[in-house]
Amino acid sequence: MPSFATSPGTRDIIAPDAARWRSFQQVFADVVEAAGFAHIIPPMFEDLGVFLRVGETTEIVTKEMYDFEDKGGRRVALRPEQTASVCRAFVEHRPVTPWKVWYAGPNFRYEKPQQGRYRQFDQVGVEVLGVDDPQLDAEVIALAVEFYRRLGLRGVQLSLNSLGDSGDRDRYAAVLLAHFSTHRDALSAESRATLERNPLRVLDSKRPEDAALIAAAPRMADQLSEAAASHFVAVQSALLAGGVGFVVNDRLVRGLDYYRRTTFEFVSTSLVAAHTAIGGGGRYDGLVAELGGPDTPGIGFALGLDRTLLACDAEGVFGAPASRVEVFVVDATGGSEAGAVCTELRAAGIGTDRAYDNRSMKAQMKSADRAGARLAIIIGDDERSAKTVIIRTMEGGSQQTVQRDALVTHVRQALGR
RNA sequence: GUGGGCGUAGCUCAGUUGGCUAGAGCGCCAGGUUGUGGUCCUGGAGGUCGCGGGUUCAAGCCCCGUCGUCCACCCCA
């Protein structure tokens, strides 16, 4: 039994997954940088106060925060998400708007772990600060859709809603509270508790006994201000014009209190477990001001790496990238030749690996196979004396003997470049 | 945080109503008559049966606790 294992809700990402993660982030970077987004790398922990602005009825703030006091007596927290950090950075640096940034990295929430729900989990995402235009809402959403397309995912459904401006949201919360309160006894115990904290969240309940009351609940759409309503309409028509399919779901609430107006969520239809939400986002027009900055509109989304990859697995798309090892050196002379051959090939830009410990040729060939190499360079005592090497193609098994000092040229040829 | 299932070799799992040195497949290692992998054959290494108590003549199998994991709720990516 090993003495140590990873802490609950954390895990090692090892081959072949680690390379897959990296290419996931690379594909994301390609998509968003082509749209003018610049990379931002905020710190992984910040003053606790930054995250408290996310909302006092938000559970990731009230009970899931990884917060602690550091040696200097500062109250800090591991970031539960990155939107608040980006807004803090905006206030701190005051870049010209529109400020379009993207990020990738881990976040931390003290939750009970489950598949697709970890205490350290990775997200990629974008944020745009300083633009009110509904055109932008549609563009941001389309960017996520394009990213899913690049991954090869097909079973992704986009849900869309508007939470209105802060006044609308408060008004709606009051109306909902009244509705559910009059039928209090019919609600599940859990929902009764939720009702106290945040009436909107009751709409999220998956408990069957709440279904009827939720279906009969008043609609957000009826509480929208004229400005918010026309913004929502504009977003929808921009999406339609861009060929982005969506479903309006006026029960879509989302967990973070700072959302205003446009909110959206991506659900994988290929996932069977409970955690089918693979991404989400929306507007947070008041957040920058909350953090002490000028009144600045903002919108963004975050996509979960783990869950999106689970969806990829379910659809059999976006597998791990192939090995970078093209050539494997099999040295049966006792290992005297392999080092120089590797150095030479690697310097020529050819991915090369070798075996150690003077293993049998058979064993070394096996390693060559496992490494995924296209070519094996075989050197025995005969070849060493003759100053030659054998180039063997792993797939067909054909071999040729070439001069040792012309190795790179012949390997290039055999690789077809 | 609440409720439930599970926890046996690196991996996926068998282990009958508790009974002698705990098994399989895959993987790994070594061979298959002097140098060459992916198929096949043979052999081998590897397990304090999550951990700690308890019941029993005897526990991988029963009981309690604990840790981990999975599922649902919750929450959300």
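From a predicted model like this one, the values you see are computed outputs, not experimental measurements. Below, read A as the first sequence line, B as the second, and so on, with proteins coming before strands; counting in each chain starts at 1.
A straight line from CZ of R11(A) to C1' of C70(B) spans 14 Å, rounded to a whole angstrom. We find that CD of Q114(A) is positioned 12 Å from C1' of U2(B), with the value rounded to whole Å. Atom-to-atom, CG of L305(A) to C1' of C76(B) comes out at 16 Å; the value is rounded to the nearest Å.
Applying the side-chain hydrogen bond (donor to acceptor under 3.5 Å, both in side chains) criterion to R359(A), with sequence neighbours excluded, gives no partner residue.
Put simply, S205(A) has no side-chain N or O that comes within less than 4.0 Å of OP1 or OP2 on C73(B).
For a distance-only test at 3.5 Å, the side chain of R109(A) fails to qualify as a donor-acceptor partner of the base of C76(B). Between the side chain of E111(A) and the base of A77(B), a donor-acceptor pair under 3.5 Å is found.
Between G1(B) and C57(B), the two P atoms lie 40 Å apart (nearest whole Å). Across the P atoms, C61(B) and G7(B) are found 11 Å apart, a figure rounded to whole Å.
Relative orientation of the F266(A) and Y148(A) rings is perpendicular, given thresholds of 30° and 60° on the angle between their planes.
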Checklist outcome for this item: Under the rule of Watson-Crick or G-U wobble with both distances under 3.5 Å, where | means paired to another strand and [ ] a crossing pair, RNA chain B maps to (((((((..((((.....[...)))).(((((.......))))).....(((((..]....))))))))))))....
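Heavy-atom contacts from other residues, nucleotides or ligands closer than 6.0 Å to CZ of R324(A) number 12 or fewer. Within 6.0 Å of CD on E64(A) lie more than 12 heavy atoms contributed by other residues, nucleotides or ligands. Heavy atoms of other residues, nucleotides or ligands lying less than 6.0 angstrom from CD of Q135(A) number 12 at most.
Nucleic acid contact for T308(A): none, since no nucleic acid atom lies under 4.0 Å from a heavy atom of the residue. R359(A) comes within 4.0 angstrom of sugar-phosphate atoms only, judged by non-hydrogen atoms across all strands, and of no base. At a threshold of 4.0 angstrom between heavy atoms, the contacts of Y118(A) include nucleobase atoms, whether or not backbone atoms are also involved.
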Give me, pair by pair, the N or O atoms of the protein and of nucleotides 33-41 of chain B that are less than 3.5 Å apart, along with how far apart they are.
| unit_1 | atom_1 | unit_2 | atom_2 | d |
| --- | --- | --- | --- | --- |
| G35(B) | O6 | E383(A) | OE2 | 3.3 |
| G35(B) | N1 | E383(A) | OE1 | 2.9 |
| G35(B) | N1 | E383(A) | OE2 | 3.1 |
| G35(B) | N2 | G380(A) | N | 2.7 |
| G35(B) | N2 | E383(A) | OE1 | 2.9 |
| U36(B) | O2 | R392(A) | NE | 3.3 |
| U36(B) | O2 | R392(A) | NH1 | 2.9 |
| U36(B) | O2 | Q399(A) | OE1 | 2.8 |
| U36(B) | N3 | Q399(A) | OE1 | 2.6 |
| U36(B) | N3 | Q399(A) | NE2 | 3.4 |
| U36(B) | O4 | Q399(A) | NE2 | 3.4 |
| G37(B) | N7 | R392(A) | NH2 | 2.9 |
| G37(B) | O6 | R392(A) | NH2 | 2.9 |
| G37(B) | O6 | M394(A) | O | 3.4 |
| G37(B) | N1 | M394(A) | O | 2.2 |
| G37(B) | N2 | D369(A) | OD1 | 3.0 |
| G37(B) | N2 | M394(A) | O | 2.8 |
| G38(B) | O4' | D369(A) | OD2 | 3.0 |
| G38(B) | N2 | E395(A) | O | 3.0 |

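Annotation: the span from F180(A) atom CZ to S191(A) atom OG amounts to 7.5 Å, rounded to 0.5 Å. Between D17(A) atom CG and F24(A) atom CZ the span is 12.5 Å, to the nearest 0.5 Å.
The ring of Y66(A) has its center closer than 6.0 angstrom to the ring center of Y110(A).
A cation-pi contact links R11(A) to Y118(A), judged by a cut-off of 6.0 Å to the six-membered ring centre and 45° from its axis.
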